Amino acid sequence: MTADIAALRPELEAGLAQLAQEPALAGPLLDYLALLARWNATYNLTAIRDPREMLAKHLLDSLAMQPFVRGLAALADLGSGPGLPGIPLAIVTPGLQVTLVESNGKKARFLREAVRQLKLGNVQVAESRIEAFRPAAPFAAITARALATLPLILELGGHLLAPAGRLLAMKGVVPADEIAALPPGWQVAAIHPLQVPGLVAERHLLEIARRQA
Ligand SMILES: C[S@@+](CC[C@H](N)C(=O)[O-])C[C@H]1O[C@@H](n2cnc3c(N)ncnc32)[C@H](O)[C@@H]1O
């Protein structure tokens, strides 16, 4: 790990404390950040290039939704890109199986390398279009961050959810227009404002579920 990334530890530990997470998790999270920053220099995996900025906008932003996946057995992170929010969630939630669904070849290659180097035994990589992905069993939840509108996410990945499963979508301001355009059979089950340490921007987690007959 380079010195500039190691120097982020106090800031990350403070953010983890604010999110009621163990400070000891800073180690594996910084290993992931270091790998992401290294690959990003060549492969352009994320537009955010400064590791310090990645800490709040990628790591802590992803972890702010962790209370809503705690207790789940398995989820699929759709359009995971460089593993967000799936990899930070998997690191801090070892009992959770996380499948990262990503169709871009170089991003999927990075994800496989991250799983290998960081020894993420609870993470699988599915290099696939979301809409073409056919897992052995449906998921209790699908996550999506910076992927698409709510209706499009459901169109692409609704088939991946178990009957009582939920889409957990990270958004900035609550997208009233997207909610109004939800496909028939789906409804908002909950909207949670999120506090992301180091970010002033508004963040929300939307839970979308099937309407019960
Ligand atoms: C803007 S990036 C967001 C990445 C990550 N979720 C994040 O929060 O940083 C969207 C990602 O979704 C992937 N993607 C878009 N449509 C997809 C599809 N239909 N199937 C699989 N991956 C898709 C893209 O390749 C890209 O990596």
Side-chain angles (χ1 to χ4, degrees), residues 15 19 29 32-66 68-69 75-93 96 98-115 118 120 123-135 138-139 141-161 166-173 175 178 183 192 194 196-199 201-206 208:
L19 294 172
L29 289 166
Y32 165 61
L33 194 64
L35 190 65
L36 176 55
R38 197 161 73 240
W39 273 62
N40 205 37
T42 311
Y43 290 100
N44 198 22
L45 302 171
T46 161
I48 298 177
R49 312 206 72 79
D50 174 14
R52 182 132 200 258
E53 214 182 321
M54 286 185 193
L55 191 150
K57 291 190 176 164
H58 284 338
L59 287 188
L60 296 173
D61 190 61
S62 297
L63 293 175
M65 67 173 290
Q66 197 269 347
F68 306 98
V69 306
L75 65 76
D77 183 30
L78 307 186
S80 191
L84 298 162
I87 288 183
L89 290 176
I91 288 173
V92 307
T93 325
L96 176 68
V98 175
T99 299
L100 309 173
V101 187
E102 174 55 54
S103 59
N104 178 287
K106 70 182 177 184
K107 290 178 179 168
R109 200 153 66 245
F110 168 74
L111 294 174
R112 285 191 292 269
E113 189 60 14
V115 168
L118 306 175
L120 301 173
V123 178
Q124 294 80 41
V125 178
E127 182 175 348
S128 170
R129 305 277 311 165
I130 298 161
E131 56 275 37
F133 181 45
R134 294 290 179 274
F139 295 92
I142 52 178
T143 52
R145 196 188 86 132
L147 174 63
T149 62
L150 297 170
L152 183 53
I153 297 168
L154 289 169
E155 186 185 320
L156 296 174
H159 68 284
L160 299 171
L161 278 177
R166 295 197 166 190
L167 163 61
L168 304 175
M170 298 196 77
K171 293 281 176 181
V173 294
E178 296 178 27
H192 309 281
L194 298 177
V196 181
L199 281 194
E202 229 179 295
R203 300 293 282 151
H204 288 90
L205 181 72
L206 276 78
I208 313 290

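From a predicted model like this one, the values you see are computed outputs, not experimental measurements. Whatever order the structure lists them in is the order used to number ligands and atoms, beginning at 1. Below, each value reflects all heavy atoms present in this structure, side chains not excepted, and no hydrogens, waters or symmetry copies.
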- Task: Check whether more than 12 heavy atoms from other residues, nucleotides or ligands sit under 6.0 Å from atom CZ of Arg112, and answer yes or no.
- Result: yes
- Would you indicate which of Asn104, Ile130, Ile153 comes nearest to atom 17 (C) of ligand 1 when only heavy atoms are counted? Ile130
- Query: For atom 15 (C) of ligand 1, which protein heavy atom lies nearest, and how many Å away is it?
  - Reply: Leu147 CD1, 3.7 Å
- Query: Counting only heavy atoms, which portion of Thr46 has something under 4.0 Å from ligand 1: side chain, backbone, both, or neither?
  - Reply: neither
- Task: Answer yes if the side chains of Asn44 and Arg49 hold a donor-acceptor pair under 3.5 Å, and no otherwise.
- Result: yes
- Message: If the cut-off is 4.0 Å to any non-hydrogen atom of Gly81, which atoms of ligand 1 fall inside it?
- Response: 4 (C), 27 (O)
- Message: For Leu147, run the side-chain contact (heavy atoms from CB on, under 4.5 Å) check against Ile130, Asp77, Ile142 and tell me which one passes.
- Response: Ile130
- Query: For atom 27 (O) of ligand 1, which candidate among Lys57, Lys106, Glu102 provides the closest heavy atom?
  - Reply: Glu102
- Item | ligand 1 atoms in contact with Lys107 (distance to a heavy atom under 4.0 Å) | 26 (C), 27 (O)
- Item | Between OG1 on residue Thr46 and NZ on residue Lys107, distance to nearest 0.5 Å | 8.5 Å
- Task: Among all protein heavy atoms, pick the one closest to atom 2 (S) of ligand 1 and tell me residue, atom and distance.
- Result: Ala146 O, 3.8 Å
- Item | Ser128 contact mode with ligand 1 (heavy-atom cut-off under 4.0 Å) | backbone
- Message: Can you report which non-hydrogen protein atom sits closest to atom 19 (N) of ligand 1, along with the distance?
- Response: Glu131 OE1, 3.0 Å
- Query: Is the backbone N or O of Leu152 less than 3.5 Å from a side-chain atom of Thr149, with the two atoms forming a donor-acceptor pair by type?
  - Reply: yes
- Query: Given the rule in the side-chain hydrogen bond (donor to acceptor under 3.5 Å, both in side chains) test, do Ser103 and Glu127 qualify, once you have shown the distances and angles that lead to the verdict?
  - Reply: CA-CA 5 Å; Ser103 59; Glu127 182 175 348; over 6 Å; no
- If hydrogens are left out, which of His58, Arg145, Glu155 has an atom nearest to atom 7 (C) of ligand 1, that is, the closest non-hydrogen atom? Arg145
- CG of Leu120 to OH of Tyr32, rounded to nearest 0.5 Å, is 9.5 Å
- Item | Modelled atom types, side-chain donor and acceptor of His192 and Arg203, under 3.5 Å | no
- Identify, for atom 22 (N) of ligand 1, the protein heavy atom at the shortest distance, and state residue, atom and that distance. Ser103 OG, 3.3 Å
- Heavy atoms, side chains only, cut-off 4.5 Å: are Leu160 and Pro138 in contact? no
- Task: Tell me which part of Met170 gets within contact of ligand 1: side chain, backbone, both or neither, using heavy atoms under 4.0 Å.
- Result: neither
- Given that the side chain starts at C-beta and the backbone is N, CA, C, O, which of these parts of Ala144 lies under 4.0 Å from ligand 1, counting heavy atoms, or is it both or neither? neither
- Item | Nitrogen or oxygen of Gly79 less than 3.5 angstrom from that of ligand 1 | yes
